[in-house]
Each structure stands twice: as C-alpha cells, then as structure tokens.
Amino acid sequence: MHRKLLIVMCIYALAGIILGMPAAEAETKASAEVSIALDGGSLPIQDSTAVKEKTNIFKKIAKAIGSIFKGKKKKKPKQEIQEEKKFKHEIESYAHRFSNTVDSISLAKIAATGPLFPDNTKRRDTLYRVFGWHPHWLGDSYKEYDFKVLSTIAYFSYEVDPETGTSKQIDVNGWLTTPLIDSAHRHGCDVLLTVTNFGTEENKRFFSNPNAQATLIKNISELLNYRSAQGVNIDFEQVPGEARDNLSTFLATLRSVLADTLSISMTLPAIDTQEAYDVATLEPFIDYFIVMGYGFYGKGSGTAGPTSPLGSGELWWDRNLTTTMDTYQKLVPKPKLLLGLPYFATLWEADNINVPSKANFIGYRSYGYIMKQVPGIPFLEPASQSVFRSYPVDGQSKIRQLWFENDVTLGMKYDWVKSNGFGGVGIWALGFDSGRKELWDLLRNKFTIPADTTYKPQSEVYLLDSALTKKLDSLAVLLLQVSVGKTDTLLMQDSVAHDDIKLKLDSIQTLLLDTTNVEQQSEITLFLKDVKTKVEANKDLLITVAVLLALFVGLGIISSPARAPVRLFITEHKQAFLIAAVAVASLLIYLRWGVVGVLFAIIIVTLLKMFQLIFFHDRRLP
C-alpha cells in the first residue's frame, strides 16, 4: 500500500515538473516579448527562475504544476504599476479570445540599432544647413546640444512691440547675457537673433508705423554687433495681405543697413493663405528661407492627423510638404529653401478608432514628453510618413490620438530634402527632445560626412499593410493592433473601405467602448467580471486546492475496497469527465491563462490514463 502511495506521489511531482517547467519557460519568453513590444523594454519581464523552494510536498507539487500557468513576476516599482494601469484597456480580453486571427495579417516591424560613429571621425556637410531654434525659456538646455552638427542656431526671441519697434522685454529675453552664444561660437556654429511679431492686428500696426520699423532695424543692428552674432532671423506670422508691400520694403531697408556682412533669414508659412509674402520680390534680400513645414493638422482643424505630412495618399488633405515645397521652389532657388520640421506632437481626443477621424484638438506635447509619458511602439502611416500612438482614457469612452515625428520619420524627410536638392532643414525646436540622443544621432548621420552606411534608426515602428487591410475583417485588424501594442486601439483604415466593413467596425467599436464604462454594463457582466477578478487574484490557491483534490481522489480510487464500482463508474462516464476537462480548459482560457489551460486538461486526462494502466491493468471489472 505504501509502495502504491509513493508511486502516485512521484508521478504527480514528475508530471508537474517535466511538463510544467518548459511551458513556464516558453510562456515567460512570450510574455517578455510582449512586454518589450509594449513599451520598448521599459517594463520588467517575467522571471521563471524566481520560484522559492518549499518544504511541504503538496506546495512543491502545486508550485511545479502552477509554473505551467505563469512564472513568478518580479515586484514592479510603483511608478511602473501606475503607468501600466493607465494604459490598460478591456479590449485585451478580445485579443486573447481571438488571438488566432492575427496570424493572417501582414505586419512589418521596422526596428534596428546600429553602431554610432565617434564624433571625431565626422565633419559637418557644408552642402546643407542644419538650422535650429533655441527658445529662451528652455534656459541652459543648450548644454546638451551638439553644436558641431548645427550650422546655425537662432535665439528665440526679440518680441516686437508693434507700437514702438522696441523689445517687449528689457533684456531681450536673455539675449544680452546668454552663454549659449559663446558655446555655439566655440564650435563654429553661427548664431542669429530671431525677431518675432505674431498676429494679424500686431502686424497691421507695425507695418503702418514707419517709426517703429526704423527703431527695430536700428536695434537689430546694435544687438547683433553687441553679441558678435552672424545675423537675424525674421519670424513675422499671420501677416495680413494688405501689409505685403510694406513687408517687402522693410526687409529691403534691413538688408541695406546690415549690408552683406550679416545674414538675414526668414520664415515662411506652409501655406500663405493671405498672400502676404511676396517671395519673388523678397528673394534678393534674404540669404535663405525656412519653410515652417508643420501645422497641416493641429489647432483649428477638426480632424486628427499628421502635423507634418510628406504626402497625402487617399487619407489626408491634398496639401502637404511636397506641394508646399513645390510652390516655393518656383519662386526661390532650391538651395535657399530649408524645410522646418517639428520636435513636437499634436494630441487629440476622438470618439472612434478610425483614421482619419473627427476629433477635438487638445494641445501640443514635446518629443521628450511623449517619449517619457506615452510608452509603446508607434504605428507608421505610410502616406504622410508620420507616426501615431493611440490609447484609451481610463473611465471614459474616448480615444486619444498622438501624432508626431521620430528618428524613423524625420530620417525619411531628411533624405527627401537632400534628394530634392533643398538647402537643408530647420528644427522647431531644439531642446524639445529633452536631451534624447536618437535625434542627435540622426542629424549627425544625415548631415555630416563621410556617410555612415551602417547607421539605422534606433526607434521602432509598426507598419500596417494598408492594401491588405482593405481585404480583412475589421475585427481581425483591430485584434492585430491590440496584440502588437496591447493599448493600441487605432485602426489604419483606407477611405475606400467597403461600407459593410465600416458598419461592422462601428458595431465592434461601440461594444468595446461600452466595456470601458462600468455604469453601462449589465448586472451579469459585472458579476462575471467580479468572479474573474477574484479567480485571477487567487489562482495560486486554486491551483494548490485542485492538485490536492486530484491527489486525494486518486488515492481514494486506489485504496478503496470498492474499487470496482468506482472504476466502473469512471469507465461508463468517461465522456462526461472529458467534457468536464474541456470546460475547465475553456474557463482557464477565458481567464487569460491561454494555451496552458489546454495543457492542464491534457495532463489531467494523461494522469488518469496512467493510473489505469499502472494499477488496473491486471484487474477485471465485474
């Protein structure tokens, strides 16, 4: 009798250890990959080796079989737990239920890192200008700038008082004392003073006031000489069409005062809706223009979209960077045109997951902010060559959309500038990157020589195949996004998608959004959700109880004097036992334990069969 008991206990232990540990390792590896894909590896991955030995034999067995389900997690810092909670969403459960559908979807992951070149092996490519604005409010962030790759830095700014032409700030926002100028000069970087006047009314008043214009020109000359600067950057925005001629006259006068010793650069809007900039007339007075290649979607537009789209495709407004630069190159030689690009994002709140979608503009966020606060790998939208992130707002049936540029998309646009023969790039604004190195590495790679052919972007993006997307069931596409990023609910949807697909998407979308609002859920749903939460919180205890129960049942069958009736009962109702095992497996799958639920059922059936072969092979049923 003791021999049989010992054999049974050994079988349970060996089955749990042999079958359980490889599964735990496999699931740990898969969990690690998902965690890394979720936010670039910032979240801790699971550790299957962190299983503590216990002296109690039943706890050992429970732990061995329990390792099939999931390895033990390292304790996460409080901040990481809060970030995970912030971005969790109920549609993850749909991905688990239908995870097999995502295998049929084409997904290309653009991800690479490459060796970075030492600074002393490179020099600035003088064929191109790398122009960057330094906003005065960013203080000493210039200490993190690589002046060796910048050709020009523009200090922002001298704010014009339109009534007098003087600066609104007595110290010109720090221009008189900033050490930035000395640092830039030590590295051979030109320094400009940016002069700003924003707003239609402000420009009307200034350009109708000759005295204010004369004062401003005089002050510009003196301030440039005082700091030994190389020139001025004129940034007059929302100039009315009626001031067109006066603007040209002002810049002609400024050119004559500064002569040829100091440079004049000027910003141009992406779209001159007021026709206020007579670019052909201005061209002889201006050394180069910086086209502000952003704002195509932003404040004032009711659609969430890329602020700096290179192309439009079938999704976007027909105006983009390509059409803008085509317009200006007809008026100005290409080498005198720089394309300004954003180091910031636009943030939107939308009611649905479509692209494009109607949305309310929330505001702007710096590149450094979104890299820190919005973890995860973004999707690349091919037509605009911009990236986006999407995430739900906890407790609300709203979706946030975040559109921006990273080192992948900026690299594409830098290459486009160079291949088209333009004069370089502008950056609004230096310091918005919060010192992140990938954007500086990109600038060094694209605008220094000799070329580094081994360099690749450090960021990762996911590229959806829009041609294939049109042919797929909308649920499958939605699940793809959830399975890739866990918090992504944004669907890349072609505008030519069939109406029936769009209707299906709307119904799914409504269902998903409803699940995030507890008040809208039925009592049954709330009950099931509560049960599931309790089971997940106590799964280790449940596993232990299940193992002990199975052990005692097995011992009872073997040692009972009435073995034959019990065996007969099992034999006659084996289909019922099989159905019960499948039900248990289904429950485990529903509880997000995935394929290990199936393994659990197989182990149970296998153990029962092993008991029958070992202990009942020489018996005969009455």
Side-chain angles (χ1 to χ4, degrees), residues 105-110 270-271 291-298 300-329 339-342 345-346 348 350 352-359 361 377-390 399 401-420 422 457 459-474 476-478 480-481 484-485 488-502 505-506:
I105 299 177
S106 173
L107 175 69
K109 181 181 179 184
I110 302 175
I271 302 172
V291 180
M292 294 180 287
Y294 34 84
F296 289 90
Y297 288 86
S301 59
T303 300
T307 189
S308 189
L310 187 60
S312 299
E314 297 178 343
L315 299 178
W316 311 112
W317 184 30
D318 59 3
R319 298 303 301 268
N320 49 56
L321 296 180
T322 301
T323 59
T324 290
M325 297 303 279
D326 284 346
T327 298
Y328 284 125
Q329 70 177 338
L339 177 59
L341 293 168
T346 53
W348 309 80
N352 55 54
I353 58 177
N354 299 332
V355 177
S357 63
K358 298 296 182 182
F361 177 75
I377 300 175
F379 288 96
L380 172 66
E381 196 289 295
S384 63
Q385 293 191 10
S386 295
V387 292
F388 57 82
R389 290 279 295 139
S390 175
I399 300 296
Q401 295 186 19
L402 190 72
W403 288 84
F404 61 101
E405 308 295 327
N406 64 5
D407 56 328
V408 174
T409 61
L410 286 172
M412 295 174 177
K413 288 165 184 175
Y414 293 165
D415 288 339
W416 182 82
V417 166
K418 295 168 67 175
S419 64
N420 280 276
F422 295 117
S459 298
E460 296 179 330
V461 300
Y462 288 112
L463 175 64
L464 290 180
D465 186 339
S466 59
L468 183 59
T469 301
K470 291 187 296 185
K471 305 175 184 178
L472 294 173
D473 183 277
S474 56
V477 178
L478 180 61
L480 166 66
Q481 297 169 48
V484 168
D488 284 287
T489 59
L490 186 61
L491 175 66
M492 177 182 291
Q493 178 181 322
D494 265 290
S495 60
V496 297
H498 298 299
D499 290 340
D500 58 337
I501 296 294
K502 298 175 79 171
L505 174 64
D506 290 338

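Note that this is a predicted model, so its numbers are computed, not measured.
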Inset, instruction - Identify the heavy atoms of Leu339 and Leu321 that sit nearest to each other, and give their distance. - result: CD1-CD2, 3.9 Å
Legend entry - Gap separating the CD atom of Gln385 from the CG atom of Leu410, nearest 0.5 angstrom: 11.0 Å
Inset, instruction - With rounding to the nearest 0.5 Å, note down the distance linking CZ in Phe379 to OH in Tyr462. - result: 8.0 Å
Legend entry - Val408 side chain reached by Val387 side chain, heavy atoms, under 4.5 Å: no
Legend entry - Value rounded to 0.5 Å, distance of CG in Asp407 from CE in Met412: 10.5 Å
Inset, instruction - Check whether any side-chain heavy atom of Thr327 lies under 4.5 Å from a side-chain heavy atom of Ile271, and answer yes or no. - result: no
Legend entry - Heavy-atom closest pair, residues Ala345 and Leu402: CB-CD1, 3.9 Å
Inset, instruction - Could you check Asn320, Thr323, Thr322 and say which one makes a side-chain contact (heavy atoms from CB on, under 4.5 Å) with Pro309? - result: Asn320
Inset, instruction - Mind listing the closest non-hydrogen atom pair of Asn406 and Ser459 along with its distance? - result: ND2-CB, 3.9 Å
Inset, instruction - Using atom types as modelled and distance alone, determine if a side-chain donor or acceptor of Glu381 lies under 3.5 Å from a backbone N or O of Ala383. - result: yes
Inset, instruction - Taking all heavy atoms of Thr303 and all of Pro356, pick out the closest pair and write down the distance. - result: CG2-CB, 3.6 Å
Inset, instruction - Mark yes or no for whether Asp415, through its side chain, and Lys418, through its backbone, hold a donor-acceptor pair below 3.5 Å. - result: no
Legend entry - Counterpart residues, salt bridge (Lys or Arg N to Asp or Glu O under 4.0 Å), relative to Asp326 (two or more places apart): none
Inset, instruction - Could you tell me whether a side-chain N or O of Ser384 sits under 3.5 Å from a main-chain N or O of Leu310, the two making a donor and an acceptor? - result: no
Inset, instruction - Kindly compute the distance separating OG (Ser308) from CG (Leu341), expressed to the nearest 0.5 Å. - result: 5.0 Å
Inset, instruction - List the atom of Val355, the atom of Leu315, and the distance in Å for their closest heavy-atom pair. - result: O-CD2, 4.0 Å
Legend entry - Residues forming a side-chain hydrogen bond (donor to acceptor under 3.5 Å, both in side chains) with Ser386, sequence neighbours excluded: Glu405, Lys413
Legend entry - Minimum heavy-atom distance Ala350-Ser357, with the two atoms named: CB-OG, 3.8 Å
Inset, instruction - Among Phe361, Trp348, Phe296, find the residue that satisfies the side-chain contact (heavy atoms from CB on, under 4.5 Å) test when tested with Ser301. - result: Trp348
Legend entry - With sequence neighbours excluded, residues passing ring-ring contact (aromatic ring centres under 6.0 Å, His included) with Tyr297: Trp316
